[in-house]
Trainee: 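Mind looking over this structure? Questions follow.
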Amino acid sequence: MVEDKKDTEKIAIASDHAGRELKEDLKEFLRGIGKDPLDMGTDGDESVDYPDFGIPVAEKVCQGKIEKAILLCGTGVGMSIVANKFQHIRAALVNDVYSARMAKEHNDANVLVIGGRIAGKGLAREMVKTWLEAEFAAGRHQRRLDKIREIEKKMEKR
Ligand code: RB5
């Protein structure tokens with residue numbers, strides 16, 4: 001019997017209506033490379049508000065219930081604004097493969113954001129694959145992330 005993967009090993013994925021088609025394609029892609037996508041909506045084509053789908057995903061990552069997530073909306077801008085409101089989230093909006101790699105190597109991005117009206121499916125798949133395969137380079141980049149974490153700690157005290 002194949003056991004279900006723990007939720008922490010899954011990759012949460014969510015979108016609004018403008019990113020839904022790309023979400024469906026990326027789910028198929030993820031399964032094809034042995035990953036386990038956790039689809040957190042939206043399911044239909046009707047117009048919805050991206051925070052309603054970005055917030056639950058961001059909460060899961062913020063609470064350590066899931067390590068990585070992909071968020072999609074029309075441009076990716078709205079979803080990245082939402083996700084980066086949460087502690088421990090480093091959401092990177094990417095439009096090219098180099099940025100997707102750097103988002104992990106330099107920024108240790110735990111959320112990848114893509115615009116469903118910007119990136120084609122082939123590019124989106126390549127960006128996801130690159131981000132998943134990349135490794136955080138630590139060193140001076142960790143020092144920089146520590147400075148960002150300090151901002152979060154100061155905000156907590158307010
Ligand atoms: C929806 O029309 C669009 O505004 C949304 O998908 C996103 O691009 C917002 O940033």
Side-chain angles (χ1 to χ4, degrees), residues 7-8 10-33 35-134 136 141 144-145 147-152 154-156 158:
D7 253 16
T8 48
K10 291 183 180 176
I11 298 172
I13 184 163
S15 73
D16 69 357
H17 55 287
R20 196 180 82 86
E21 195 180 325
L22 188 55
K23 172 167 68 69
E24 297 309 317
D25 184 75
L26 288 177
K27 275 164 50 189
E28 189 186 317
F29 174 68
L30 287 167
R31 287 193 198 102
I33 59 169
K35 305 292 180 188
D36 193 3
L38 175 68
D39 188 346
M40 295 180 65
T42 184
D43 298 326
D45 286 331
E46 69 280 7
S47 180
V48 292
D49 299 334
Y50 57 83
D52 294 340
F53 295 88
I55 290 169
V57 169
E59 282 173 342
K60 262 192 186 286
V61 178
C62 177
Q63 293 161 3
K65 290 181 180 162
I66 209 144
E67 277 172 22
K68 286 181 180 161
I70 298 168
L71 291 174
L72 312 152
C73 61
T75 57
V77 173
M79 282 295 201
S80 60
I81 292 172
V82 167
N84 280 313
K85 294 283 179 201
F86 288 76
Q87 293 217 25
H88 307 292
I89 298 240
R90 292 173 302 279
L93 169 56
V94 295
N95 292 305
D96 62 272
V97 175
Y98 176 74
S99 299
R101 180 156 62 84
M102 287 299 123
K104 180 63 188 176
E105 288 187 6
H106 286 192
N107 312 110
D108 201 16
N110 47 12
V111 178
L112 196 72
V113 190
I114 302 174
R117 291 174 178 161
I118 307 292
K121 288 175 185 166
L123 173 60
R125 284 178 171 217
E126 203 55 38
M127 291 192 292
V128 167
K129 183 172 185 283
T130 301
W131 171 65
L132 289 173
E133 288 175 355
F136 179 47
H141 304 294
R144 292 159 188 170
L145 295 191
K147 291 183 179 182
I148 296 171
R149 179 73 191 123
E150 285 307 313
I151 302 170
E152 293 178 339
K154 279 184 195 152
M155 301 286 279
E156 262 175 39
R158 285 188 183 170

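When a ligand or atom number is given, it counts from 1 through the structure's own listing order. Only this structure's heavy atoms are used, side chains among them; waters, hydrogens and symmetry mates stay out. Note that the coordinates shown come from a computational prediction; the quantities given were computed from them, not determined experimentally.
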Trainee: As a test of the contact definition, would atom 4 (O) of ligand 1 count as having a protein heavy-atom neighbour under 4.0 Å?
Mentor: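 For atom 4 (O) of ligand 1 the answer is no, since every protein heavy atom stays at 4.0 Å or beyond.
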Trainee: Supply the atom-to-atom distance K65 NZ to L38 CG, rounded to the nearest 0.5 angstrom.
Mentor: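 These two atoms lie 12.0 Å from each other.
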Trainee: Have a look at ligand 1 and work out which part of D16, if any, has a heavy atom under 4.0 Å from it: side chain, backbone, both or neither.
Mentor: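 The side chain, only.
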Trainee: Indicate yes or no for a side-chain donor-acceptor contact from Q87 to the backbone of C62 under 3.5 Å, with no hydrogens or angles considered.
Mentor: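 No, Q87 side chain to C62 backbone: no donor-acceptor pair under 3.5 Å.
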Trainee: How far is atom 9 (C) of ligand 1 from its nearest protein heavy atom, and which residue and atom name does that atom have?
Mentor: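 For this ligand atom, the closest protein heavy atom is Y50 CE2, 3.4 Å.
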Trainee: Please identify which atoms of ligand 1 are closer than 4.0 Å to at least one heavy atom of A18.
Mentor: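 Near A18, meaning under 4.0 Å from one of its heavy atoms, ligand 1 has 6 (O).
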Trainee: What is the closest protein heavy atom to atom 8 (O) of ligand 1, and at what distance does it sit?
Mentor: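 That would be T75 N, 2.9 Å.
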Trainee: State, to 0.1 Å, how close L22 and G115 come at their nearest heavy-atom pair, and which atoms those are.
Mentor: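 Nearest pair, atom of L22 first, then G115: CD2-O, 4.4 Å.
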Trainee: Could you tell me whether K121 and E21 have a side-chain N and a carboxylate O separated by less than 4.0 Å?
Mentor: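 Result for this pair is yes, salt bridge flagged.
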Trainee: Show which atoms of ligand 1 fall inside a sub-4.0 Å distance from at least one heavy-atom site of G74.
Mentor: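 Listed by number with element: 5 (C), 6 (O), 7 (C), 8 (O).
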Trainee: Nearest protein heavy-atom contact for atom 10 (O) of ligand 1: which residue, which atom, what distance?
Mentor: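 Sorting protein heavy atoms by distance from atom 10 (O) of ligand 1 puts G78 N, 2.9 Å first.
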Trainee: Among H17, R20, M79, find the one that has a side-chain contact (heavy atoms from CB on, under 4.5 Å) with C73.
Mentor: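 That would be M79.
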Trainee: Could you grab the distance from atom CD1 of I118 to atom OG1 of T75, nearest 0.5 Å is fine?
Mentor: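 The CD1 atom of I118 sits 6.0 Å away from the OG1 atom of T75.
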Trainee: Taking non-hydrogen atoms only, is C73 closer than 4.0 angstrom to ligand 1 via side chain, backbone, both or neither?
Mentor: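 Answer for C73: both.
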Trainee: What part of R117, side chain from CB on, backbone N/CA/C/O, both or neither, has a heavy atom under 4.0 Å from ligand 1?
Mentor: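 Answer for R117: side chain.
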Trainee: Looking at D16 and A18, would you say the former's side chain and the latter's main chain have a donor-acceptor pair under 3.5 Å?
Mentor: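 Side chain of D16 to backbone of A18: a pair is present.
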Trainee: With a cut-off of 4.0 Å, which atoms of ligand 1 are near a heavy atom of H17?
Mentor: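 Going through ligand 1 atom by atom, the ones under 4.0 Å from H17 are 1 (C), 2 (O).
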